[in-house]
Amino acid sequence: MKRMLRILLTALMATSTLATAEAAKIVKPTPRPVIETYANWEELRIAKGWPEVDAAVKLPLPKRLLIATAALTTPDRKVRDPNYGFALLLSGPTSRDATRLLAKGVLMNEYAFGDRTPAVLRSLAAEAMRGCKSCVAAYGLIQYAGLDVPQNDVVAYKWYRWAAVVGNAKGIEATALALAEGRGTPKNITEAKKWANRLERARRAKLYTEIAKRIVLSKTPDDVAVSSDLLLQSIALNPLDAGRPAKQLLNLDYPPSVQDEAMAAIRAEGRAADPNALKVMAQVLWKKDKPEAVDEAISIFQTLAERGNADAIDYLSRALSRSDVDKSRKDRIIGSLQTAAASGYAKASKVLGNAYYYGTGVDASLEKAQTYRESAAKQNDPEAQYLLGMMMLQSTDNQQDDATGRQWLEKSAAGGYPLAQAALQKLSSN
């Protein structure tokens, strides 16, 4: 009996050990992938050990394609170098892979091929016949742009439509825009919308906004009505990116009823609404100069300020000095600015520093003013550094404070703030 008990206990301990090991294995954190970021193409090129363009064009084709892909299609546009990428693709004999990458490059970047344009078009046309959708769209774009070739809307539309028929998203967008404007084909907004509806929701929402922007320029009642409808549909399709259609709809001369409908759609999203749409809406409400509209605008700006939105913080600063904003609302504004400052947003600290220094919306407090200005100054805000420096120089006769104040002025001047530079010159001349 005892022997059986020992066997059972041993088995249980072994099972427990395995379970513990398995649990440890499960909770082991997964390493986060390293995301490389670069300020510009040169920084990326040097980091990768790639040569300058004159040497790169002499590399074997596979290596040239690898480097050209980065130069032309890196997601961060400021890191791309189209001239470098196109130079690699146009050097030496052409290839199917090079032509297809060239097409993507044309669709994603500005380009200029000069006297090589006819050869580029021949390559794109040949590859288009082999089924390359992006080559069809790129050929149409070159014809539409008329850069280094005669501009031809009719030819461009034929190629765009071909690209659209075979399912290329760029071709669908260009076909819809051409139909909406009557460019290279008779104007037909109904047909334009049919093509746009082939795109996925987010991309379709952007295209609706672009069509709306273009057709409203005619200012005919029918086009204004269609433009309004497209913008409202864009907001409904992709409420998380409603800033573009909201800016168009709320800032131009659309019917008030349509603008009210747009604002209702933005409100319906609550705090999850697109911050850009909320900002546009708040700016429009602020301009109405009606108490209830201004109050709603301030509420929105408070929400945005707590997330660090610089424009919203500016509006809250202006709200603190308005006589039509009551004390309780100003207290809430200060609370929102304090939340933003505590989260590390320098602009909020600077606004609070000014508010306490001048007693705008709060009881004046030089101590609090200095604390908030110092917080912003330490985050390398040149204006805050200047304000803090001048405050320390003017507020006491303490030599240590004078020395510290001058140091802040020097930091501000080094950051390019002109008033700090002028103040230092004046101090030096005394």
**OP:** I would like to know whether Tyr84 and Val57 meet side chain to side chain contact (heavy atoms under 4.5 Å, CB included); could you show each step before the answer?
**Re:** CA-CA 9 Å; Tyr84 187 113; Val57 296; over 6 Å; no
Without swapping roles, check the side chain of [X] against the backbone of [Y] for a donor-acceptor pair under 3.5 Å.
{"X": "Gln248", "Y": "Arg244", "result": "no"}
{"X": "Asp274", "Y": "Ala242", "result": "yes"}
{"X": "Gln385", "Y": "Trp408", "result": "no"}
{"X": "Glu296", "Y": "Ala282", "result": "no"}
{"X": "Ser317", "Y": "Ile313", "result": "no"}
{"X": "Ser234", "Y": "Leu230", "result": "no"}
{"X": "Lys330", "Y": "Leu320", "result": "yes"}
{"X": "Tyr345", "Y": "Arg307", "result": "yes"}
{"X": "Arg77", "Y": "Met108", "result": "yes"}
{"X": "Thr74", "Y": "Ala71", "result": "no"}

**OP:** Evaluate the side chain to side chain contact (heavy atoms under 4.5 Å, CB included) criterion for residues Asn309 and Leu278: first the C-alpha distance (whole Å), next the side-chain angles of each, then the deciding distance (0.1 Å), finally the verdict.
**Re:** CA-CA 11 Å; Asn309 185 283; Leu278 284 172; over 6 Å; no
Can you measure from [atom1] ([X]) to [atom2] ([Y]) and round to the nearest 0.5 angstrom?
{"X": "Asp148", "Y": "Arg116", "atom1": "CG", "atom2": "CZ", "answer": "12.5 Å"}
{"X": "Ile46", "Y": "Lys48", "atom1": "CD1", "atom2": "NZ", "answer": "13.5 Å"}
{"X": "Leu231", "Y": "Lys213", "atom1": "CG", "atom2": "NZ", "answer": "10.0 Å"}
{"X": "Arg100", "Y": "Lys133", "atom1": "CZ", "atom2": "NZ", "answer": "10.5 Å"}
{"X": "Leu107", "Y": "Leu72", "atom1": "CG", "atom2": "CG", "answer": "11.0 Å"}
{"X": "Ile211", "Y": "Lys193", "atom1": "CD1", "atom2": "NZ", "answer": "9.0 Å"}

Original post:
Passes salt bridge (charged side-chain N to carboxylate O under 4.0 Å, His left out), Lys206 versus Glu173? Steps please.
Top reply: CA-CA 10 Å; Lys206 288 182 180 179; Glu173 290 170 344; over 6 Å; no
Regarding [X] and [Y], do their side chains bring together a donor and an acceptor under 3.5 Å, going by distance alone?
{"X": "Arg204", "Y": "Tyr208", "result": "no"}
{"X": "Arg332", "Y": "Ser299", "result": "no"}
{"X": "Asp326", "Y": "Ser328", "result": "yes"}

**OP:** Test Lys378 against Glu374 for salt bridge (charged side-chain N to carboxylate O under 4.0 Å, His left out), laying out the working first.
**Re:** CA-CA 6 Å; Lys378 286 179 178 178; Glu374 187 172 353; 3.3 Å; yes
Original post:
Is the cationic atom of Arg318 (NZ for Lys, CZ for Arg) positioned less than 6.0 Å from the six-membered ring centroid of Phe301 and within 45 degrees of its normal?
Top reply: no
Original post:
Is the cationic atom of Arg373 (NZ for Lys, CZ for Arg) positioned less than 6.0 Å from the six-membered ring centroid of Tyr357 and within 45 degrees of its normal?
Top reply: yes
**OP:** Take Leu89 and Leu65 through the test side chain to side chain contact (heavy atoms under 4.5 Å, CB included) and record every step on the way to the result.
**Re:** CA-CA 7 Å; Leu89 296 178; Leu65 288 175; 3.8 Å; yes
Original post:
Is any side-chain heavy atom of Tyr144 closer than 4.5 Å to a side-chain heavy atom of Tyr160?
Top reply: yes
Original post:
Is the shortest heavy-atom distance from the side chain of Ile142 to the side chain of Tyr111 under 4.5 Å?
Top reply: yes
Original post:
Yes or no on side chain to side chain contact (heavy atoms under 4.5 Å, CB included) for Glu191 and Thr185, after CA distance, side-chain angles and deciding distance?
Top reply: CA-CA 11 Å; Glu191 189 69 15; Thr185 184; over 6 Å; no
Original post:
Which word best sums up how the rings of Tyr417 and Tyr386 line up, parallel for under 30°, tilted for 30 to 60°, or perpendicular for over 60°?
Top reply: tilted
Original post:
Taking atom CG of Asp324 as the centre, does the number of heavy atoms from other residues, nucleotides or ligands within less than 6.0 Å exceed 12?
Top reply: yes
Original post:
With the threshold set at 4.0 Å, does a side-chain nitrogen-carboxylate oxygen contact exist between Lys219 and Asp223?
Top reply: no
